[in-house]
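Structure first, commentary second.
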Amino acid sequence: MREFAVFWGCTIPARFPFIEKSTRVVFEDLGATVHELAGHTCCPEGTLVKANDEDAFYTAAARNLAIVEKAELGVVTPCNGCYSTFKEAASHLRSDWRSRERINERLATEELHYTGDLDIVHFAEWLADTVGVGSLGAKVTKPLWGMKVAVHYGCHLLRPQPAVRWDDPLNPTKVEELVAALGAKVVDYTTKMQCCGGALDRVGEREGSLAFARRKLYDVQNEGADALVVVCPSCFQQFDLNQAALQRANEDVHVPVFYLSELIALAMGHAPAELGLDMHRVPVDSFLAKWEARTGDKQRLAEHFDVALLAKCDSCQACKDDCPVCKVDPTFQPNDIIAALLAGNLDAIVADGQLWKCLECYTCQEMCHSRIGMADVFRQLKELSLEGGHGPESVAAAYAEFLKTGALGKPREGARKKLGLEPLPEGGGDAIARLLGANEPSPLSAEKE
């Protein structure tokens, strides 16, 4: 569905126009044709309307959908609450034909009719199932490389079943796949499927609502996530606005919160100011600064290594217990060094002596299912270490000797003669010296001078 009506709901235009802005940007960049239809009301919100009058709830929902049907379109909404309302109403009015006929009699006075045949799609669902993860990734011009992002789905994107049938209601993965397509690393956390708790605010349970927000935000923060991404304006309100309230109470929590379209727009090259990210209550500056730094780290790393292979190696770690050095020296953990490289610690690694413990025995390469191994990475690291003047003196001295003589030791002719061995023919030290520049000082020697 590339051409559809968009249903913003009440919360986004009223409180978070920057979510509307980034969502419009993403629609346009991905080639969607979006129609704005007149006459829509609140979806309506379940807690406040359905609890008062179930018939009013279904009538209002059917009217909103009938407007879309009259335009012969489907509808996409970036709000979990609107999505759940429409899905629930469609399911109920599909099975309760008497209720549907009664509502249609009312709608007829406005020249509307609800049949229930239209497509009702959430923004995240549209991205995952219509655009596709691969096509989304192909649009990324500035990947979120090195950034750790936690995902909060929100209850009404997934439930109630069977009215909503998009992703697993208890173990969803599709939003994580979208975030991964942007280049970020998705961080799992214990309370991922916990409700945001925002509805408690609507019924006067402020402290309970803050308790829900606090628990998830601390959980995400403790897992080292750089940001939390949501797909619902009410969830955004809970984790951004109410987090700001926690901060005012001097609670030690700082988790930048993004709506999904904001992250996508950033990864597609749009500027934070264009998207209005300065309108968040919890500043996102730390996320943006780290992202900029990590982008520089990646560019520098790519000058020396295949970054994609490093990432693949880091995510696998099947050879973690195969390194023979690890078995006698637990302080040497090659997998940790690969992870540190990806974390942007190249200078610290080449300055540290640990990398020289790699024996280049190629055990890791032989055991690697992908034939990557780490030996070549460590060889490159050793070269960078010497260039930076950090290598062991013995290595620099041996290399200098090799350049001058073409060998690392002179034959012990006396001992060889004693054993009846004939003198060896003249070596090619002079030739190798001429070829490689024997008088060139080694990097380590040059550093000392």
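Judged by distance alone, the side chains of T363 and D322 never bring a donor and an acceptor atom under 3.5 Å apart. With hydrogens and angles left out, the side-chain atoms of D297 and W145 include no donor and acceptor closer than 3.5 Å. Inspection of the S234 and R202 side chains reveals an N or O donor paired with an N or O acceptor under 3.5 Å. No side-chain donor-acceptor contact under 3.5 Å links H113 and E69. Under the 3.5 Å distance criterion, with hydrogens and angles disregarded, a donor-acceptor pair is assigned to the side chains of Q238 and S209. Looking only at atom types and distance, the side chain of R106 has a donor-acceptor partner in the side chain of T59 under 3.5 Å away. Side-chain atoms of H152 and K216 form a donor-acceptor pair, as typed in the model, at a separation below 3.5 Å. Using modelled atom types and a 3.5 Å distance limit, the side chains of Q194 and Y189 yield no donor-acceptor pair. Donor-acceptor pairing under 3.5 Å is recorded for the side chains of T331 and K357. For the residue pair D352 / H390, no side-chain donor-acceptor distance below 3.5 Å is found, with atom types taken as modelled.
Here the shortest heavy-atom pairing between L275 and F18 reads O-CB, 3.4 Å. In this structure, N64 and T41 approach most closely via the heavy-atom pair OD1-N, 3.0 Å. Closest approach of L310 and L342 over heavy atoms only: O-CD1, 3.6 Å. Of all the heavy atoms in P13 and G9, the pair that sits closest is CD-O, 3.3 Å. Shown here for M374 and C313, the closest heavy-atom pair between the two residues is CG-SG, 3.7 Å.
Taking a 6.0 Å sphere around CE of M367, one finds it holds 12 or fewer heavy atoms contributed by other residues, nucleotides or ligands. Applying the 6.0 Å contact sphere to NZ of K312 captures no more than 12 heavy atoms from other residues, nucleotides or ligands. The local environment of CZ in R215 is sparse, with at most 12 non-hydrogen atoms from other residues, nucleotides or ligands closer than 6.0 Å. When the shell of 6.0 Å around NZ of K139 is examined, it contains 12 or fewer heavy atoms from other residues, nucleotides or ligands. Atom CD of E36 sits in a crowded spot, with more than 12 heavy atoms from other residues, nucleotides or ligands closer than 6.0 Å.
Here ring pair (Phe, Tyr, Trp, His ring centres under 6.0 Å) pairs that include residues 40-92, with residues two or more places apart or in two chains, are F7-H40, F7-F86, Y58-H92, Y83-H122.
None of Q237, R214, R206 except one satisfies the side-chain hydrogen bond (donor to acceptor under 3.5 Å, both in side chains) rule with N242; the exception is R206. For the side-chain contact (heavy atoms from CB on, under 4.5 Å) with L182, the lone residue among L266, V149, L144 that qualifies is L144.
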Next item on the list: Might you work through the side chain to side chain donor-acceptor pair (under 3.5 Å) test for D129 and W166, ending with a clear yes or no?
Entry: CA-CA 9 Å; D129 295 350; W166 176 52; 3.0 Å; yes

Does F239 form a ring-ring contact (aromatic ring centres under 6.0 Å, His included) with F212? I'd like the steps, not just the answer.
CA-CA 9 Å; F239 296 123; F212 267 80; 9.8 Å; no

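In this structure, the ring of F236 has its center less than 6.0 angstrom from the ring center of F16.
The side chain to side chain contact (heavy atoms under 4.5 Å, CB included) check on S286 picks up H254, P256, with sequence neighbours excluded.
Between F123 and W126, the two ring planes are parallel [angle under 30°; tilted spans 30° to 60°].
A distance-only check finds a donor-acceptor pair linking the side chain of N80 to the backbone of Y153 [under 3.5 Å].
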